[in-house]
Amino acid sequence: MLSDLFDTVNSVVTGGERYLSATRVGFEIEQSYRAYRNRSAELSPLEQRKLLAQTHYKGARKLTQLFHDNGAIWVKFGQFLSSRSDILPMQYVAELGKLQDDAKPVSFRRIEEVLAREWGSDWRDRFDRFDEQAVAAASVAQVHKAVLKSGETVAVKVQLPHARKLFRQDSMVFKALGTFGAPLISQFDLKQVTEQIITMTMQELDFLAEEANLRKFSALPHANLIYVPRMHEQLSTSRVLVTEWIDGTRLTDYLNQNPARAEALLRELLSCYVQQITHFGCYHADPHPGNFLVMADGRVAVLDYGAIGELTPEETQHYAVLLQVLFGRIHTDQPLGELFRKAGFVARNQAVFEEVAELVLKENLRRHEATDVLKVALDKMRDLKVQIPDSFVTVARVVLTFGGLLKTYKVVVD
């Protein structure tokens, strides 16, 4: 216990500027909403809505800038929040969504230090051309376009020089945030979410693990829509990953440019992910829009394999049945409470599962969206102190991320 406290204090000291910024921004946002509450009583309903929208927008901009400036795990948390249109005002969802592709690249001089350390001082001899300007930047790495001596164009993903150091500093603070902030937030289990984000980021910091994930994922019998980039294993290290170059349009850009195609494409993409979860038991666990490129032939290239989810055969079977029941796709004589118990959910009072089952039935009869029903069930179980398996929370996060996309583009899925 004392060692954990020491680690947290040490992390706060070494990352003091980032944490002071977070405290300041949190105070400023809180003051904005206090000012709104003080003024709202004297305004008409229309004026109240306008002022609240302005307050949301100002708070969203401040929070997005904070996550952007602090980088690494802060960006990951912002990306998670950007997919939760079910709990955040749309102003926050829209602004935080910019974190998907809005990281600032570091100078190539610092990237070159990583390449020389991983490949040796003669690393340029491997390439005919290596573009020093990054084509994409994220919270832990950035991507450069290059041409091998063979003439093949490749994407070189390079880990940022201080990514691991920053992660070690910030992870302790995020653990404390999850522990102490959880009682204040009822919409989702903050402690469980922060622990999952920390685990996901930890996995992403080892590119050899990402290479193994990519290899495993590419071996699955995906539908024709899904395209997995080829690797260059001989060039990959724990801090550098080389894959074929993919020409394509980012998913959200493509959907904005082709709104008539949004419904069919998102439905098919969601179907592919449901197949991964309920049939393969192995799924891409970070499906934010920045990780999809729509290719010229209509296929979707899936990028970034720092995190994949893996289910045991038993989990795959139980979750498949449970999700279909929750979504109203199948009916079973077996009580829903029994399905929850088989799937690893734990409650002190087993009767709470029947309470959840009754709520789910009502929501399905109202013909609510499938992802909304899943959210309602999760929220109810948290209210009733049900212990939800970590693996199911990860699955639900993936499904709810798609739910946010579907709502954004007004796509209805049964």
Side-chain angles (χ1 to χ4, degrees), residues 103 105-106 108 110-161 163-164 167 199-248 272-273 276 280-288 290-293 295 297 299-311:
V106 305
F108 187 72
R110 298 180 65 196
I111 291 298
E112 193 169 20
E113 292 172 0
V114 178
L115 295 175
R117 185 168 63 244
E118 298 299 307
W119 285 340
S121 59
D122 60 346
W123 66 268
R124 287 185 181 273
D125 294 343
R126 303 166 186 257
F127 300 93
D128 268 347
R129 190 184 84 239
F130 195 104
D131 294 350
E132 296 187 0
Q133 183 67 40
V135 295
S139 54
V140 299
Q142 63 189 49
V143 177
H144 292 260
K145 187 176 183 180
V147 179
L148 297 173
K149 288 293 186 182
S150 64
E152 181 180 355
T153 305
V154 294
V156 183
K157 181 178 178 180
V158 187
Q159 189 172 116
L160 303 185
R164 297 187 183 191
F167 172 74
T199 299
M200 180 186 299
T201 308
M202 189 182 303
Q203 293 171 348
E204 291 185 12
L205 289 170
D206 182 1
F207 287 1
L208 291 178
E210 180 173 351
E211 178 192 318
N213 289 343
L214 198 157
R215 189 185 308 112
K216 186 178 300 182
F217 191 81
S218 65
L220 299 172
H222 294 287
N224 292 334
L225 179 70
I226 299 296
Y227 185 81
V228 183
R230 298 189 311 276
M231 291 181 299
H232 288 265
E233 298 179 23
Q234 72 279 9
L235 293 175
S236 297
T237 74
S238 66
R239 286 180 167 85
V240 181
L241 186 69
V242 182
T243 63
E244 67 172 304
W245 178 261
I246 302 292
D247 283 313
C272 290
Y273 269 73
Q276 293 169 31
F280 301 154
C282 177
Y283 58 94
H284 182 255
D286 192 15
H288 72 73
N291 283 339
F292 299 114
L293 287 181
M295 302 164 66
D297 61 5
R299 289 181 295 174
V300 176
V302 181
L303 311 178
D304 196 343
Y305 293 85
I308 64 170
E310 294 186 83
L311 304 174

Restricting to side-chain hydrogen bond (donor to acceptor under 3.5 Å, both in side chains), what partner residues turn up for [X], sequence neighbours left out?
X	value
Trp245	Asp247
Thr243	none
Asp297	Arg299
Glu132	Arg124

Determine the minimum heavy-atom distance between [X] and [Y], stating which atoms define it.
X	Y	value
Ala134	Pro105	CB-CB, 3.9 Å
Ile246	Tyr227	CD1-CE2, 3.6 Å
Met295	Ala301	SD-CB, 3.9 Å
Val302	Tyr273	CG1-OH, 3.9 Å

Ignoring hydrogens and geometry, is there a side-chain-to-backbone donor-acceptor pair from Asp286 to Gly306 under 3.5 Å?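 It does not hold such a pair.
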
Exam field: side chain Asp131 to backbone Gln133, donor-acceptor pair closer than 3.5 Å: no

Is there side-chain contact between [X] and [Y], with at least one heavy-atom pair below 4.5 Å?
X	Y	answer
Cys282	Lys216	yes
Lys157	Asp304	yes
His222	Phe280	yes

Reported [atom1]-to-[atom2] distance for the pair [X] and [Y], which is rounded to 0.5 angstrom:
X	Y	atom1	atom2	value
Ile308	Leu220	CD1	CG	8.0 Å
Ser238	Gln159	OG	CD	7.0 Å
Asp125	Trp119	CG	CH2	12.0 Å
His144	Leu115	NE2	CG	7.5 Å

Return each pair, listed once, that meets salt bridge (charged side-chain N to carboxylate O under 4.0 Å, His left out) where at least one residue sits in residues 237-246; pairs must be two or more places apart or across chains. Arg230-Glu244

Checking [X] now: which residues fulfil side chain to side chain contact (heavy atoms under 4.5 Å, CB included) with it, not counting sequence neighbours?
X	value
Ala146	Phe127, Phe130, Val154, Val156
Ser218	Val228
Ser150	Leu148, Glu152
Arg110	Val106, Ser107, Pro161, His162

Applying ring pair (Phe, Tyr, Trp, His ring centres under 6.0 Å) to Tyr305 and not counting sequence neighbours gives Phe217, His284

For Arg117, which residues count as a salt bridge (Lys or Arg N to Asp or Glu O under 4.0 Å) partner, sequence neighbours excluded?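 Here no residue qualifies.
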
Residues that Glu211 engages under salt bridge (Lys or Arg N to Asp or Glu O under 4.0 Å), provided they are two or more places apart: Arg215

What do you reckon, is CD of Gln234 surrounded by more than 12 foreign heavy atoms closer than 6.0 Å? yes

Neighbour count above 12 (heavy atom, 6.0 Å) for Asn224 CG: no

